[in-house]
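The structure appears below as structure tokens.
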Number of protein chains: 2
Amino acid sequence: MVQYNNDTLDAAFAALSDGTRRGVLEQLGRADASITALARKFQMTLTGMKKHVGVLEHAGFVTTQKIGRVRTCKLGLRRLEEEAVWIERYRLLWDARFDALEMIVEELKQKEKANDRD
Amino acid sequence: MVQYNNDTLDAAFAALSDGTRRGVLEQLGRADASITALARKFQMTLTGMKKHVGVLEHAGFVTTQKIGRVRTCKLGLRRLEEEAVWIERYRLLWDARFDALEMIVEELKQKEKANDRD
DNA sequence: GTTATACTGAACCATATAGTTCAGTATATG
DNA sequence: CATATACTGAACTATATGGTTCAGTATAAC
């Protein structure tokens with residue numbers, strides 16, 4: 001019934017709603033990194049960082065690969081395409097809405113003028 | 001120490017991470033609406049919808065005004081500017097990162113060729 | 001072979017989210 | 001005035017989030 005759902009988008013925006021995770025994405029934009037390196041940089045336990053990476057991985061923003069004892073994290077193939085599209089679509093809606101409001105305001109002004117003439 | 005935080009962005013992305021709230025934004029993009037109207041449209045109690053509207057309001061996406069017994073919700077002044085900027089910046093990072101990767105791949109290919117010639 | 005490193009998983013904690021019900025208050029309507 | 005409507009707030013439930021500690025396992029280094 002509720003077809004307003006889109007789990008992919010939910011997961012993506014939820015992943016982006018945490019400062020640490022946004023920081024991790026920016027970090028990985030500069031260079032791949034191990035869990036340990038990220039944990040140190042963001043002053044957090046390994047376990048804590050692992051969870052954040054898990055969230056980013058689940059959202060498709062990050063992929064990881066374990067070689068030996070080191071798990072290397074890198075940016076995934078998902079490049080915020082969908083999110084950008086959603087936001088853009090919303091912005092268009094917003095613009096349209098406020099253009100409409102302006103028209104109404106304009107209309108009211110005209111009516112007022114007409115009333116003034118009475 | 002953790003300067004990766006940005007509560008505004010946190011609140012914005014968190015607000016967008018729920019399908020019902022994204023639906024409400026789209027709805028308000030078409031026309032202002034009361035809590036009751038939104039609750040009916042999204043098949044939810046008044047109290048539940050009030051909470052969603054509260055989240056959107058807190059994030060700055062929606063403003064409300066109570067006249068008589070009706071609280072009318074409309075799009076706020078915040079038009080996802082910051083979010084669009086963040087996402088765009090990330091996308092540039094992403095592109096740069098993958099361009100760099102491509103260069104490395106290219107480099108490896110060259111080395112391989114050189115080895116083949118040995 | 002011992003020790004250090006890097007991660008992993010389970011369990012726990014505090015708080016937040018998404019929803020509900022129920023009992024109000026305030027405002028329209030007849 | 002009586003009743004219906006629209007919202008509000010408190011309290012409760014179930015689940016998720018962001019973090020921790022602690023006890024492992026697997027691999028690398030000496």
Side-chain angles (χ1 to χ4, degrees), chain A residues 1-25 27-28 31-59 61-74, chain B residues 1-25 27-28 31-59 61-74:
Chain A
M1 187 55 54
V2 183
Q3 79 275 61
Y4 307 96
N5 259 339
N6 178 335
D7 289 349
T8 311
L9 220 41
D10 283 11
F13 282 129
L16 295 180
S17 74
D18 180 277
T20 300
R21 284 194 293 264
R22 288 195 303 274
V24 167
L25 283 184
Q27 191 56 39
L28 295 181
D32 297 350
S34 67
I35 302 281
T36 299
L38 291 172
R40 189 161 36 232
K41 172 142 277 183
F42 292 91
Q43 300 197 137
M44 183 176 298
T45 57
L46 282 179
T47 311
M49 182 49 73
K50 178 104 188 305
K51 283 192 183 180
H52 280 304
V53 169
V55 171
L56 289 168
E57 206 170 0
H58 177 246
F61 295 140
V62 163
T63 60
T64 71
Q65 191 187 8
K66 193 167 184 178
I67 296 175
R69 37 180 192 177
V70 177
R71 179 173 296 279
T72 301
C73 311
K74 56 186 67 180
Chain B
M1 187 56 51
V2 183
Q3 80 274 60
Y4 307 94
N5 259 339
N6 179 334
D7 290 348
T8 310
L9 220 41
D10 283 11
F13 282 130
L16 295 179
S17 74
D18 181 278
T20 300
R21 284 193 294 264
R22 288 195 303 274
V24 167
L25 284 184
Q27 192 57 37
L28 295 181
D32 297 350
S34 67
I35 302 280
T36 299
L38 291 172
R40 187 162 35 234
K41 172 141 280 187
F42 293 90
Q43 300 196 136
M44 183 176 300
T45 57
L46 282 180
T47 312
M49 181 48 73
K50 177 103 188 305
K51 284 193 184 180
H52 280 304
V53 168
V55 172
L56 288 169
E57 206 170 0
H58 178 247
F61 295 140
V62 163
T63 60
T64 72
Q65 193 188 7
K66 192 166 184 177
I67 296 173
R69 39 178 191 175
V70 178
R71 177 173 297 278
T72 300
C73 311
K74 56 185 69 180

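Letters A, B, ... are given to chains in the order of the sequence lines, protein chains preceding strands, and every chain is numbered from 1.
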Do [X] and [Y] have side-chain heavy atoms sitting under 4.5 Å apart?
X      : Y      : value
K74(B) : L28(B) : no
V24(B) : F61(B) : no
L56(B) : L25(B) : yes

What is the separation between atom [atom1] on [X] and atom [atom2] on [N], rounded to the nearest whole Å?
X      : N       : atom1 : atom2 : value
D18(A) : dA16(D) : CG    : P     : 18 Å
D10(A) : dA18(C) : CG    : C1'   : 12 Å
F13(B) : dT17(C) : CZ    : P     : 16 Å
D7(A)  : dA18(C) : CG    : P     : 13 Å
R22(B) : dA18(C) : CZ    : P     : 11 Å
Q43(A) : dT20(D) : CD    : C1'   : 15 Å
K41(A) : dA6(C)  : NZ    : P     : 16 Å
L38(A) : dA6(C)  : CG    : C1'   : 13 Å

If I compare all heavy atoms of [X] with all of [Y], which pair ends up nearest, and what's the gap?
X      : Y      : result
A59(B) : A11(B) : CB-O, 3.9 Å
S34(B) : A37(B) : OG-N, 3.0 Å
D10(A) : G19(B) : OD1-N, 3.6 Å

Rounded to the nearest 0.5 angstrom, the CZ-CG distance for R22(A) and L9(B) is 4.0 Å
To the nearest 0.5 Å, what is the distance between CD1 on I35(B) and CZ on R71(B)? 6.5 Å
Can you sort out which residues in residues 44-54 of chain B have a heavy atom within less than 4.0 Å of DNA chain C? Ascending by number, please. M44(B), T45(B), T47(B), G48(B), K51(B), H52(B)
In B/S/- notation (B base, S sugar-phosphate only, - none; protein heavy atoms under 4.0 Å), nucleotides 25-30 of chain D written 5' to 3' is --BS--
Ignoring hydrogens and angles, write down the donor-acceptor pairs under 3.5 Å from the side chains of residues 44-52 of chain B, residues two or more places apart or on other chains.
{"unit_1": "T45(B)", "atom_1": "OG1", "unit_2": "G48(B)", "atom_2": "N", "d": "3.1"}
{"unit_1": "H52(B)", "atom_1": "ND1", "unit_2": "R21(B)", "atom_2": "NH1", "d": "3.2"}

Note: for S17(A) and R71(B) on DNA chain D, the residue whose nearest nucleotide lies more 5' is R71(B)
Could you pick out which residue, V70(B) or R21(B), lies toward the 5' side of DNA chain C when each is mapped onto its nearest nucleotide? R21(B)
